[in-house]
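Heads up, the thing below is written out as C-alpha cells.
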Amino acid sequence: MSDKYDVVVIGSGPAGYVAAIRAAQLGLKTACIEKWKNAEGNGVNGGTCLNVGCIPSKALLDSSFKYHEAAEGLAIHGISTSGVAMDIPAMLERKNKIINQLTGGIVGLFKANGVTALYGTGKLLAGKKVELTDNDGAVSVIDADNVILASGSLPIAIPVAPVDDDLILDSTGALEIGEVPKRLGVIGAGVIGLELGSVWGRLGSKVVLLEALDDFLAIMDKAIAKESKKIFTKQGLDIRLGARVTGTQIKGREVEVTYQTSAGEELKETFDKLIVCVGRRPFTDGLLSADSGVEVDERGSVFVNEFCATNAPGVYAVGDLVRGPMLAHKGSEEGIMVAERIAGHKAQMNYDIVPNVIYTHPEVASVGQTEEQVKAAGEPYNVGVFPFAASGRAMAANDTDGMVKIIAHADTDRIMGCHIVGPSAADLTQQVAIAMEFGSSAEDLGMTVFGHPTLSEAVHEAALAVNGNAIHIPNRKRR
Ligand code: FAD
Ligand code: AMP
C-alpha cells in the first residue's frame, strides 16, 4: 500500500488537471492519474482537450483560415497573391508542436504546485481506494480521503459507419488527414462536424455535412442558427438537414454513404474520406468497481449533485463524465469548485452562464438563454439585434457577416442571453458573460463606454437596441 493522499484525481484533461492543481494550491496532498500515451508510448497529460480536441482543432482552423485568406481573401485589400500553397505535413507538425508544448506545460505546472503525476489506469474501488495499473502493468492500491473522477468522454461510434482510421475517421483521425480529400463527407453538423468540415473545406475539399435533424444547430438561438447556416452555405459547405446516415460501403478507395431524408427518400453520396462526428459519450469503461458506490445515470454519465458530489461519500466527478455541456471550461470550473469544497471553502458554480462557441469563421457563440427558451418559460423579454454589416470596424476588416443578439427581461432589463455569429464572436460573447455574471442590465451595458472603432461596439449597439436606443441602426418600435 502506498502513501495516503488527501485527493486522488483520475484523469488529467482540463477538468482533472485543473482540479489537481487547485487542490494542491490549497495545501492538499494530491495525485493525478493519467492513462493517455503519446505515439512514443509515454504517459501524457491534457486529455481530449489538449491532445485531440480544443487545441489541435483550433490549430488547424487557424492554419487553414490563414491559407484561405492568403489564397482568396486578400484581393479586396489590393494585395495580389499567386502560388499560395498549403504544406499539409507542415500544418500537422505545427499542430503537434503546440500539443507537445501545452501537455509538457502541465507537467511543469504539476511540479510547480506539488501534484504527484502518476501514469497508468485508475479504477475506483470501495472505500475511496484507487487501484492503479501503471503503464508497465504493475498494480498498486492508493488510499485517498477524496477521489475526483475526471475520465472524460469518447467519440460516439455508430454501427452504420464503423471507423477504420483509413477512409472512415472519427474526430481524432480527422486531425491527422495527410492530404486534402477531394470529397469529404461529415456525419453530424454539430460543433465538431462544422469545425472539422471548415478546416478541410478551406483547404479545398468539397464538404457535405449530413445531419439527421431537420433543424440546424437545434440547441442554439434560432435566428443565429439560421444566419449561421446562410453564411456557411455561402462559404461552400453543403449542409443537408434531415439526412440520417443508414449505411456505408467501402468501394476501393471510396466510401459510399447511404442516407435517408426526412421525406423518406433513400439517397447515396460518394466520398474520399468520411468523418463521423455524432457526439461524444461519457467514458466510464473500467473506471468503477462494482462496489464503488458510484451511480451512473441512463445516459452513461456519473450521477452528481450541483456540487459534483457522487452518491459515494468523498467521491466527486467533473467534466465530460457528468451532466451538462461537454466543454473544457465547464469541466475546469467544476474541478476548481470541487477542489475548493474539499478544502472547506463554500465554492459553487454558475451553470447558467457557460459560454458555448463554434470556432468556424465567423465564430458562433452564445451564453445564457435563447429566445426560444425565454419564450417557452413565459418570461416577458426584449431583444436587441445589431448586424456586423453596420459596424465600421467589421467593414474595415471585410468581415461583415453575422450579428449580435441580446435578450433582456422586459421588466428588470436584466440580460438573459447573448448570441452572436460574427467575427470574434467568442471574445465578444465573453464580455457579455462577464456583464451577466455581475447581474448587468442591457441599460448598464448600453451606458458603458466602448472604444471606437471596435467589433465590441456591435455588442454596445445590440444592448442599446434592447430598449430601442441604438444609434447606428433604425430601432424597432417599442410598445
Ligand atoms: P478529457 O479531456 O476527455 O480527459 C479525460 C482524461 O482522463 C483523458 O486524458 C483520459 O485518458 C483519462 N482517463 C480516462 N479514464 C482513465 C482511467 N481509468 N485512468 C486514468 N486516466 C483515465 N471544448 C471546448 O470547450 N472548446 C473547444 O473548442 C472544444 N473543441 C473540441 C474539439 C474536438 C475535436 C473535440 C473532440 C472536443 C472539443 N471540445 C471543446 C470538448 C473538450 O475537449 C472536452 O469537453 C474536454 O476535453 C473534457 O474535459 P475532461 O477533463 O472532462 O475530459
Ligand atoms: P454534436 O452533438 O454537436 O456533436 O452533434 C452531433 C450531430 O450528429 C447531432 O446533431 C445529431 O443529430 C447528428 N447525428 C447523429 N447520428 C446521425 C446519423 N446517423 N446521420 C446523420 N446525423 C447524425
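Both counts, for ligands and for their atoms, begin at 1 and track the order of listing. Remember, predicted model here, so these are calculated numbers, not experimental data.
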Numbered in order shown, the ligand 1 atoms found under 4.0 Å of a heavy atom of A150 are 5 (C), 6 (C), 7 (O)
Just let me know how A161 lines up against ligand 2, side chain, backbone, both or neither, with a heavy-atom cut-off below 4.0 Å. neither
F388 side chain near L455 side chain, heavy-atom distance below 4.5 Å: yes
Can you pull the salt bridge (charged side-chain N to carboxylate O under 4.0 Å, His left out) pairs that have at least one residue in residues 36-65, sequence neighbours excluded? K58-E195
Side chain to side chain, P155 and V276, heavy atoms closer than 4.5 Å: no
Check whether any side-chain heavy atom of I407 lies under 4.5 Å from a side-chain heavy atom of H419, and answer yes or no. yes
Of all heavy-atom pairs linking S205 and V180, the shortest is OG-CG1, 3.4 Å
Mind checking whether L210 contacts ligand 2 via backbone (N, CA, C, O), side chain (CB onward), both or neither, at a 4.0 Å heavy-atom cut-off? backbone
Give a yes/no verdict on whether any heavy atom in S171 is under 4.0 Å from an atom of ligand 1. yes
Of P325, A19, C49, G11, the residue with the heavy atom nearest atom 47 (O) of ligand 1 is C49
A425 and V364: which non-hydrogen atoms are nearest, and at how many Å? CB-N, 4.4 Å
Decide whether the shortest distance between a heavy atom of S57 and an atom of ligand 1 is less than 4.0 Å. yes
L118 and V8, any side-chain heavy atoms less than 4.5 Å apart: no
Contact between A243 and ligand 2, counting heavy atoms under 4.0 Å? yes
Would you say the side-chain atoms of Y316 and R341 include a donor-acceptor pair closer than 3.5 Å? no
If you measure from atom 35 (C) of ligand 1 to every heavy atom of G53, G47, G193, which option wins on shortest distance? G53
Apply side chain to side chain donor-acceptor pair (under 3.5 Å) to the pair Y351 and E333, showing each step before the final yes or no. CA-CA 10 Å; Y351 282 98; E333 290 305 318; over 6 Å; no
Considering all heavy atoms, the nearest L237-L209 contact: CB-CD1, 4.0 Å
Proximity flag R280 to ligand 1, non-hydrogen atoms under 4.0 Å: yes
Counting heavy atoms only, name the option from G335, P355, G152, A328 that's nearest to atom 24 (C) of ligand 1. A328
Polar proximity ligand 2 side, V245 side, N/O cut 3.5 Å exclusive: yes
Which is closest to atom 17 (C) of ligand 1 in terms of heavy atoms, L175, V44, I10, D320? I10
Taking 4.0 Å as the limit for heavy-atom contacts, which would you say applies to T121 with ligand 1: side chain only, backbone only, both, or neither? both
Give a yes/no verdict on whether any heavy atom in I192 is under 4.0 Å from an atom of ligand 2. no
Does some non-hydrogen atom of V160 fall short of 4.0 Å from ligand 2? no
Heteroatom distance test (A212, ligand 2): nitrogen or oxygen, under 3.5 angstrom: yes
Any atom of ligand 1 sitting under 4.0 Å from a heavy atom of K58? yes
Numbered atoms of ligand 1 (with element) below 4.0 Å of H329, judged on heavy atoms: 25 (O)
